[in-house]
Every structure is written in structure tokens, then in C-alpha cells.
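Here is the structure we will look at, set down as C-alpha cells.
In this chain, numbering begins with 1 at the start of the sequence shown. Note: hydrogens, waters and symmetry copies are ignored here, and every other heavy atom, side chains too, is used.
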Amino acid sequence: MSAIRERIEDLQERIAGAAKRAGRDPASIRLLAVSKRKPVEYIREAYAAGLRDFGENYVQEALSKMDLLPPDINWHMIGHLQSNKAKRVVDGFSMLQTLDRLSLAKALDKAAGAIGVRLPVLLQVNIGDELSKAGGDEAGMITLAREVSPLENLRVEGLMTIPPYCSDPDEARPYFRQLGQLSRCIDDMGIDNIEMNELSMGMS
């Protein structure tokens, strides 16, 4: 058994155990492999082990991999995106997880409309208010949700955050709870075209 397959199976067992303890269906949780700067061979191994969701930070790097790998991979853009690269994202990615400003939303909406697709996106929340990370604060994300609502070629499906680094994983739990509370708050507002079905919360 390869080291990659072994690690994936270990993670999936841990996810299943955590889900059962929380009274959740393990199938409702997706494992997103961050494949930035990883060779295609590693991604093939992870694919063979059952993974279908991969996250990339850089558009050009991701596009160079897509033609070399199976077409049923779900590619997620998880890096900060410049508005002038919107067209390249809607062409190849299954989801953008880093929507943090209206100007980017408008660029994505225009690019998606031009090719007749509706792009799933997550709003990126800087839950720890860290200067080194992109994303908006909680109030800003509520405002952004309202601003993005009229854009017909985007589908907001939830929120994404990467919490501050914690040496003890338990220290990250309050940030995850905070994101869950924000998700429920936005959902309760009933904003058109805004759904809170997904919470993307790294890292493993």
C-alpha cells in the first residue's frame, strides 16, 4: 500500500469516527486534498485511493494538471484570485472557495454568463481576523452575501475559512463553531440565491 493511500484511509477513518460521535452521516463530509505544488503522480495516487476533490491555489498550475488527469475530478480554487483571471476559473473549476469581494463576484458572474454556466462559490471568512489571510470579517460577509444575491451566474453555497494555526487541534474548535453560527445567521436571513449548505474548514 502506498503512503498516500495509507494516509487517506487513516483520514477517512478519523472523519467517519468524528461524524458518528457527532451524530452525522460520514457521507455528508468531503475530504478536500490540497494538491498545490504536488506532482501529477501524487494526485493520481490519491485519485486511485478514492479522492475526487482537489484544491489548487494557482490557476495556471491547476490548468496544466487538468488535461493530464481524469475528467471526473472536482477542482476547487482555494487561493486568492485576481479578478482578471475569472474567465480561466469558470472554464475549469467546479467551485471557487475564496470569494471575498464584490468586484471579483462581478467578474466571475460575467465570465460564467459568457459560457452559460453557473459557478458554485463559497464566501471566504477571515475568522481569526489575521492580517496574513484574505477574506472578510463576519459583518462584511453578510454584506457581501446581500451584494452577490442578484448575480444570476453565481451560486453561493456556503462559507470557507482557515482558522489561525493552533498546535493543539482542540484550540481551533471555537473558530469552527463561530463559522457555523455565522452560516446559520446568514441562512436565517433568507437572502435570495444564497444557500448555506457547505462549510469548508481546513486544515486536517
Is the shortest heavy-atom distance from the side chain of [X] to the side chain of [Y] under 4.5 Å?
X	Y	value
M66	F54	no
T98	L96	yes
V148	V121	no

Could you give the distance from [atom1] ([X]) to [atom2] ([Y]), rounded to the nearest 0.5 Å?
X	Y	atom1	atom2	result
L159	N197	CG	CG	11.0 Å
L122	M160	CG	CE	7.5 Å
M95	E198	CE	CD	5.0 Å
L63	Q60	CG	CD	6.0 Å
L182	M196	CG	CE	7.5 Å
N193	R155	CG	CZ	9.0 Å

Indicate yes or no for a side-chain donor-acceptor contact from [X] to the backbone of [Y] under 3.5 Å, with no hydrogens or angles considered.
X	Y	value
D100	G136	no
K85	V59	no
K65	K38	yes
R44	L69	no
R37	N57	no

Query raised in the report: I43 and Y58: same hydrophobic cluster, using ILVMFWY side-chain contacts below 4.5 Å?
Result: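 No; Y58 is not reachable from I43 via cluster members.
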Query raised in the report: Do you reckon F176 sits in the same ILVMFWY cluster as Y165, going by side-chain contacts under 4.5 Å, direct or chained?
Result: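 F176 does not cluster with Y165.
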When the side chains of residues 70-79 are checked against the rest of the protein, which donor-acceptor pairs come out under 3.5 Å, sequence neighbours left out?
residue: D72; atom: OD1; partner: Y47; partner atom: OH; Å: 2.7
residue: D72; atom: OD2; partner: Y47; partner atom: OH; Å: 3.0
residue: D72; atom: OD2; partner: R52; partner atom: NE; Å: 3.4
residue: N74; atom: ND2; partner: D53; partner atom: OD1; Å: 3.3
residue: H76; atom: ND1; partner: Q97; partner atom: NE2; Å: 3.1
residue: H76; atom: NE2; partner: D53; partner atom: OD1; Å: 2.9

Report task. Start with the C-alpha distance between R24 and I15, add both sets of side-chain angles, then the distance that settles side-chain contact (heavy atoms from CB on, under 4.5 Å), and finish with yes or no. Result -> CA-CA 10 Å; R24 291 185 57 182; I15 289 169; over 6 Å; no
Query - Residue pairs passing the side-chain hydrogen bond (donor to acceptor under 3.5 Å, both in side chains) test where at least one lies in residues 137-149, sequence neighbours excluded - result: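 Sorted pair list: E138-Q178.
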Query raised in the report: Hey, is CG on D25 packed in by over 12 heavy atoms from elsewhere, all under 6.0 Å?
Result: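 Enclosed: over 12 neighbouring heavy atoms sit under 6.0 Å from CG of D25.
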Query raised in the report: More than 12 heavy atoms of other residues, nucleotides or ligands under 6.0 Å from NZ of K133: is that the case?
Result: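 Above 12, so yes.
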Give the minimum heavy-atom separation between [X] and [Y], together with the two atoms involved.
X	Y	answer
V90	L108	CG1-O, 4.0 Å
A107	S83	CB-O, 3.8 Å
A19	I29	CB-CD1, 3.8 Å
L179	S200	CD2-O, 4.4 Å
G55	L32	N-CD1, 3.5 Å
G180	L199	CA-CD1, 4.1 Å

Query raised in the report: Quick one: which of V156, L123, L154 gives a side chain to side chain contact (heavy atoms under 4.5 Å, CB included) with I194?
Result: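 Exactly one pass, corresponding to V156.
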Requested in this report: Inspect the contact between K87 and D91 and indicate whether a charged nitrogen and a carboxylate oxygen are less than 4.0 angstrom apart.
Outcome: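 Yes, D91 and K87 are salt-bridged.
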Report task. Indicate yes or no: does D170 engage R173 in a salt bridge with an N to O separation below 4.0 Å. Result ->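 So D170 pairs with R173 through a salt bridge.
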Query - Audit row: R101, L144, side-chain contact (heavy atoms from CB on, under 4.5 Å) steps and yes/no - result: CA-CA 7 Å; R101 60 198 187 279; L144 183 60; 5.6 Å; no
